[in-house]
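Taking it in order: structure first as structure tokens, then the write-up.
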Protein chains: 2
Amino acid sequence: MPSSIPDIVISRLPVYLRALERLSQEGQEVTSSHELGKRLGISSAQIRKDLSHFGGFGKQGTGYRIAYLREQLRQVLNVERDWEVALVGAGDLGNAVARYRGFSNRGFHIACVFDSSTDKIGKSIAEFLIQPLDTMHTIIAERGIKIAMVAVPAESAQSVADTLIAAGVRAILNYAPINLNVPDNVHVQYIDPVIHLQRMTYYLE
Amino acid sequence: MPSSIPDIVISRLPVYLRALERLSQEGQEVTSSHELGKRLGISSAQIRKDLSHFGGFGKQGTGYRIAYLREQLRQVLNVERDWEVALVGAGDLGNAVARYRGFSNRGFHIACVFDSSTDKIGKSIAEFLIQPLDTMHTIIAERGIKIAMVAVPAESAQSVADTLIAAGVRAILNYAPINLNVPDNVHVQYIDPVIHLQRMTYYLE
DNA sequence: TGGTGATTGTGAAAGATGTGACAACTTCTA
DNA sequence: TAGAAGTTGTCACATCTTTCACAATCACCA
């Protein structure tokens, strides 16, 4: 009955996990909901309540053992395994995503890169060979890839998403500045820097 | 009394604006809360209610004139003017951000680029000269820049943010995978692709 | 001109989310 | 060993957010 846990709680767990990894790097072994909350700008009660959905990870009087809680969150979030991710689009943005070093050790690695432009097909970004869009369905279906990142122009994003979904992808990270229409069993997250900037200008001046 | 409007409402306005711009591009002149909601996966009631915080932009029986509503949202969001944005960090990520073509016409342009590495200082990305971090405070303060994007390693992000804030920046878009501690009058938005991916893996399998 | 179908803006109700407060427990110290 | 200080997990409550439902209005057409 995992569906009974609110989305909004799930959405905070990766943030907790990231903070724990950082604390761990800094050599700390134990933390408390209060310390974590102070770092993240979240109330300690909320952190305790969020975590309590998945079991009691802490110890009264002491707090949380960082290594243990980190491991538990990884399990809950399903990122103990390493997920293969397909990248679609090899323009500037796709290039940057392909070169990004931050995926490793956090549960993901890029498995293949696709583009439609004949200029780019056959060339490489970082260590990845750029493959033609026509082969995407086959490759993704065969390898059983479930996650994709879309870094194509807004105009092509919906049709790319449709193809991905038909091939079996169930989670899409969309960098294109457009909303995608997808079936209920497919998850989408959006990254559009302008949207984030516009969320702040309202408060300026 | 603009503070009485919930943050969560503000955070949806840029999404509405983006959809309106798209509809406009497609040649449409009028839309309804129902159509917009269908596109965005949001209920029509929510869209109407959100918009009603700022006045009555629509007409009963007809819907919303797209050009007009778009203009009104731009005003509300404070993106009729063009904001200067500072970019800190000229590594792979900073490079991609600097080259990103999507800022223009949506209220923003990059005004200056900073990095600490002596290798990079003096060189250019796209049309921007990379300037040394030591000059950042002066330049940002003099030009009155209020918005910055941070694309430096996690280790340096907090100190960069501190410098930015001291120089007058009031809105930070942080690409570094770390939480920033900032005063109440400073706004921060985060972009970390791994966080977004981890928000979806929970639901896979 | 009057009737039909569409759509907004909004108050009230329902539902979701966050906070406060505390018993229960742990560790530390004297 | 006993008391003090710290911390969790949780329940009840408060607050925030979304949905519902409908009067009011508009455009169109016969």
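- One finds no side-chain N or O of Y64(A) lying less than 4.0 angstrom from the OP1 or OP2 phosphate oxygen of dT26(C).
- Phosphate contact (OP1/OP2 of dT26(C), side-chain N/O of T62(A), threshold under 4.0 Å): absent.
- Between dT10(C), dG9(D), dT8(D), one nucleotide has an atom nearer to the side chain of S32(A) than all others, and that is dT8(D).
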Close N or O pairs between protein and nucleotides 1-5 of chain C (under 3.5 Å):
none

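- With respect to the salt-bridge test (charged N to carboxylate O, under 4.0 angstrom), the residues R70(B) and E21(B) do not qualify.
- Below the 3.5 angstrom threshold, one finds a donor paired with an acceptor across the side chain of K49(B) and the base of dT19(D).
- The local environment of CZ in R65(A) is sparse, with at most 12 non-hydrogen atoms from other residues, nucleotides or ligands closer than 6.0 Å.
- Among dT8(C), dT8(D), dT19(D), the nucleotide with an atom closest to any side-chain atom of Q46(B) is dT19(D).
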Starting from the C-alpha separation in whole Å, work towards a yes-or-no answer on side chain to side chain contact (heavy atoms under 4.5 Å, CB included) for F128(A) and L87(A).
-> CA-CA 10 Å; F128(A) 310 109; L87(A) 169 62; over 6 Å; no
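- Counting atom types as modelled, Q60(B) pairs no side-chain N or O with a base atom of dT7(C) as donor and acceptor under 3.5 Å.
- For the OP1/OP2 pair of dG18(C) and a distance below 4.0 Å, the side-chain nitrogens and oxygens of R12(A) include at least one atom meeting the criterion.
- Within the model, atoms CG of D192(A) and OH of Y100(B) stand 5.0 Å from one another, a figure rounded to the nearest 0.5 Å.
- Of the charged side-chain nitrogens involved, at least one lies within less than 4.0 Å of a carboxylate oxygen, so that R74(B) and E71(B) count as a salt-bridged pair.
- Backbone-only contact: I8(B) has heavy atoms under 4.0 Å from sugar-phosphate atoms and none from a base.
- At the heavy-atom level, S44(A) lies nowhere under 4.0 Å from the strands shown.
- For S33(B), a side-chain nitrogen or oxygen approaches OP1 or OP2 of dT8(C) to under 4.0 Å.
- Applying the 4.0 Å criterion to OP1 and OP2 of dG9(D), one finds that R48(A) has every side-chain N and O outside that range.
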